[in-house]
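Here the structure is laid out as structure tokens; the discussion comes afterwards.
Just so you know, these numbers come straight off a predicted model, no measurement behind them. We use all heavy atoms of the structure for the numbers below, so side chains are in, but hydrogens, waters and symmetry mates are not. Order of the sequence lines sets the chain letters (A, B, ...), proteins ahead of strands, with each chain counted from 1.
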2 protein chains.
Amino acid sequence: MTEAGSSAKERDAEAVSRFVELFAGQLTDAGMARMPARVFAALLASDDGVLTSAELGDQLRISPAAVSGAVRYLSQTHLVSREREPGSRRERYRVHNDQWYEAITNREALLRRWQSAIREGIGAVSPGSPAEHRLRETLEFFEFIEVELTEMMQRWRDKRDAADGA
Amino acid sequence: MTEAGSSAKERDAEAVSRFVELFAGQLTDAGMARMPARVFAALLASDDGVLTSAELGDQLRISPAAVSGAVRYLSQTHLVSREREPGSRRERYRVHNDQWYEAITNREALLRRWQSAIREGIGAVSPGSPAEHRLRETLEFFEFIEVELTEMMQRWRDKRDAADGA
DNA sequence: AGCTTCCTTCAGAAAGTTGTGAAGTTAAGG
DNA sequence: CCTTAACTTCACAACTTTCTGAAGGAAGCT
């Protein structure tokens, strides 16, 4: 009876489910919608990082429609990729570490929109006012962050490559 | 008639309002609740970075209750600070660039919770499995980010100090 | 001390969001 | 070519969130 006890040799479905819900909850708090968060967490904890629609619906007790909505969001934001096993109509969803690290740190589009909004603001306040100064500094800050994030991810890739190569 | 035309010498209340709503919208998209976002944007665009409750309610067309809720959130998250002019019951809210840069980049608490959740997950999957490997790398990534963000903000402060000192 | 002004809290109405069932679409497989 | 399995879309119901008006409380001013 090696698998009946809590020998920790085998995957404990219940403990995995607890993790999935816990981590999904954190992601939800951080702003991600609930279903995408749960699907993402389930994929992260899955054995090979791949699950089918049916497996997801089954594990999370949600309808096919909910799975569909969640994976659409996740693949649009590049947190997971969809695959189709050739000669099957079963779709598979995969989480790939390299991909989703990039996805969550790629705030470039967001930062650009913010910068653009701030420039609007600079045009609206009185020239030379403290408000203008404040907004200019804010703009500089966002520009700084944008560059820094890019460099940070390059450092991460280097670190990963070094670790894998060793 | 210098102020009647669009000479851009004066603050254009309507243009400022457009900026406030635009930027607040971006913040809302990024996950911030609407009222806090609007209040924050209004403070950013205000002349001295200070507004009273009444001014905020007036400018944004919202009830005192809404102002109250918004500033409670904003001061809890250190995006604005509250002041009380001595000998007045009028409260004033101030946005201070240095403070809120730190606030929005300080994701330490969040990252810690994520790390802790991931550790749970590592305990739940089969030792030696790809799932374990994936979760361990994820944990490393979050630890990396935590350090990097700290260093990034130090670089920002240095840059600011250098610019101000010059 | 009492009045007044301002802020906060709270219950509830209005608005928004989410997930489901059911119908529709696509493509494999006999 | 028809059947059938799988995914998607859509309308709606349940649930949440949000903002307001009204009542309550704190602190200055006379």
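- The stretch residues 53-92 of chain A comes close to DNA chain D through A:S53, A:P64, A:A65, A:S68, A:R72, A:R82, A:R89, A:R90, A:E91, each having a heavy atom under 4.0 Å from the strand.
- Legend: residues meeting salt bridge (Lys or Arg N to Asp or Glu O under 4.0 Å) with A:R38, ordered by chain and number and at least two apart, are A:E21.
- The side-chain hydrogen bond (donor to acceptor under 3.5 Å, both in side chains) check on B:S88 picks up nothing, with sequence neighbours excluded.
- Nucleotides of DNA chain C lying under 4.0 Å from heavy atoms of chain A occupy a range whose first and last members, 5' to 3', are C:dG19 to C:dG29.
- Residues satisfying the salt bridge (Lys or Arg N to Asp or Glu O under 4.0 Å) criterion with A:E151, sequence neighbours excluded, are absent altogether.
- Partners of A:R136 according to the salt bridge (Lys or Arg N to Asp or Glu O under 4.0 Å) rule, which considers only residues two or more places apart in sequence or in another chain, are A:E132.
- Take A:W114 and apply the side-chain hydrogen bond (donor to acceptor under 3.5 Å, both in side chains) test, not counting sequence neighbours, and it matches no residue.
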Listed pairs under 3.5 Å, donor-acceptor, residues 115-123 of chain B side chains, sequence neighbours left out:
{"unit_1": "B:Q115", "atom_1": "NE2", "unit_2": "B:E146", "atom_2": "OE1", "d": "2.9"}
{"unit_1": "B:R119", "atom_1": "NH2", "unit_2": "B:E143", "atom_2": "OE2", "d": "3.4"}

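- Interface residues of residues 19-50 of chain A facing DNA chain D, ordered by number: none; criterion, heavy-atom separation under 4.0 Å.
- Applying the side-chain contact (heavy atoms from CB on, under 4.5 Å) criterion to B:D48, with sequence neighbours excluded, gives A:P130.
- Listed by chain and number, the residues in a salt bridge (Lys or Arg N to Asp or Glu O under 4.0 Å) with B:E55 amount to none (sequence neighbours excluded).
- Side-chain atoms of A:R94 and A:S81, non-hydrogen and from C-beta on, do get closer than 4.5 Å to each other.
- Listed by first and then second residue, the side chain to side chain donor-acceptor pair (under 3.5 Å) pairs involving residues 61-73 of chain A amount to none (not counting sequence neighbours).
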